[in-house]
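Working notes for the structure below.
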Protein chains: 2
Amino acid sequence: MKEIEKTLENKNVRPTAMRILIYKYMAEKEVAIALTDIENTFTKADRTTLYRTLKTFEEKGIVHQIDDGTNISKYALCEPGCNCELDQDLHLHFHCSNCDETVCLTAHKLPHINLPEGYIAEDANLVIKGICDKCSS
Amino acid sequence: MKEIEKTLENKNVRPTAMRILIYKYMAEKEVAIALTDIENTFTKADRTTLYRTLKTFEEKGIVHQIDDGTNISKYALCEPGCNCELDQDLHLHFHCSNCDETVCLTAHKLPHINLPEGYIAEDANLVIKGICDKCSS
DNA sequence: ATATAAATGCAATGGAAGTGCATTGTTTTA
DNA sequence: TAAAACAATGCACTTCCATTGCATTTATAT
């Protein structure tokens, strides 16, 4: 519990009750979380608070946003050393079309890609869609 | 002109006036097109028609949908041999954060990616964000 | 020419993102 | 400690895009 507080403080985010709960929730889930998921879990809290909590977490480098092609923004906790703002160290994401869950495949780094003349890469996003291990067995 | 009609017929899509116009519009543009773009171009036509035209084009393999991370669906004509439904032959997309345009980099194929045990890939989507050649010069 | 089916137009809905402002709670400092 | 300053939360509302149901028009087939 105290550990989460420290983590938040290290990232310059005030460890409020709500934020600790959301962080804990995301840490327990292994999959990327949508705002709706959090809404359905914390029904007493206001949508805006949850929304802004995610935004704050993202700005402060606590979570990274994932665009898995469903047009619903999802978020996952950054692992230690998850340089999600640098284009050198991007991992890929897997979206299961059966259970609709998205997971970070942190072990899989993106290969370097040579762009045509004049193009400057700042960020990259690779999503593989298919059937996840839970649904394929 | 007749060429477009033939293309549509080959894909089992009736070459109506509207569809030919939209196809022509997309062929002239080198960038991926959003529904809004088409709306602003063909103001006399109904939004729904344009929307359904894109859907039809997508289903029949005339265009492929691109998710560039802006949460706005964009579309681009499939090139001959654009096996966008197969995960072997996927090209990548580049989204410029300055001019907000998205282009297909068809020459750049995705490297093969080994997924963990149990994961079955069906589709993939790689978007690089940054500054495009027009904006960087 | 008529029946049938497809394409289009209109109206309305839904879902998610985002914003302005008032209120509450928590630091800071005088 | 009390007051001022600031951050976090809650409420209401707006916007934007995707999507659907149904009526109408247009094209195809018998």
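Proteins come first, then strands; the chains are lettered A, B, ... in the order of their sequence lines, and each starts at number 1.
The interatomic distance linking Phe57(B) (CZ) with dT8(C) (C1') rounds to 14 Å, in whole Å. Rounded to whole angstrom, the span from the CD1 atom of Ile72(A) across to the P atom of dT19(D) amounts to 11 Å. Distance, Leu21(B) CG to dA7(C) P: 16 Å, rounded to whole Å. Residue Leu54(B) contributes atom CG, which lies 15 Å from atom P of dA7(C) at whole-angstrom precision. Between the CG atom of Leu50(B) and the P atom of dA7(C) there is a distance of 15 Å, rounded to whole Å. At whole-Å resolution of the value, CG in Leu8(A) and P in dA7(D) are 17 Å apart. Whole-Å rounding puts the Asp37(B) CG to dA18(D) P distance at 11 Å. At whole-Å resolution of the value, CG in Asp46(B) and P in dA12(C) are 13 Å apart.
With distances taken from any side-chain atom of Thr48(A) to the nucleotides dC11(D), dA16(C), dT19(D), the minimum falls on dC11(D). Side-chain atoms of Thr16(B) lie closest to dA7(C) of the nucleotides dA7(C), dG18(C), dA16(C). Of the listed nucleotides (dA16(C), dC11(D), dG9(C)), dG9(C) has the atom at the smallest distance from the side chain of Thr49(B). In the set dG18(C), dA18(D), dA27(D), dA18(D) carries the atom at the smallest distance from any side-chain atom of Arg47(B). The side chain of Arg14(A) lies closest to dT26(C), out of dG18(C), dT26(C), dT9(D).
For the OP1/OP2 pair of dA18(D) and a distance below 4.0 Å, the side-chain nitrogens and oxygens of Lys55(B) include no atom meeting the criterion. Between Tyr51(A) and dA17(C) there is no side-chain N or O to OP1 or OP2 distance below 4.0 Å.
Contact of the His95(B) side chain with the Thr70(B) side chain is registered, since non-hydrogen atoms from C-beta on lie closer than 4.5 Å. Residues Glu39(A) and Leu50(A) form a side-chain contact, since some pair of their non-hydrogen atoms from C-beta on lies under 4.5 Å apart.
Distance check: Lys74(B) NZ to Ile33(B) CD1 gives 9.0 Å after rounding to the nearest 0.5 Å.
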*Is there a ring-ring contact (aromatic ring centres under 6.0 Å, His included) between Phe94(B) and Tyr119(A) once you walk through the steps?*
CA-CA 9 Å; Phe94(B) 187 92; Tyr119(A) 286 82; 4.8 Å; yes
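Using a 4.0 Å heavy-atom criterion, one finds that Lys44(B) contacts no nucleic acid atom at all. At a threshold of 4.0 angstrom between heavy atoms, the contacts of Arg19(A) are confined to the sugar-phosphate backbone, with no base atom among them. Residue contacts shown for Ser73(A) are limited to sugar-phosphate atoms, with no base heavy atom under 4.0 Å away.
A donor atom on one side chain and an acceptor atom on the other are found under 3.5 Å apart for Thr41(A) and Tyr25(A).
Judged by distance alone with a 3.5 Å cut-off, a donor-acceptor contact links the side chain of Arg52(B) to the base of dG9(C).
Residue-to-nucleotide proximity on DNA chain D shows that, of Thr36(B) and Pro15(B), the 5′-proximal contact is made by Thr36(B).
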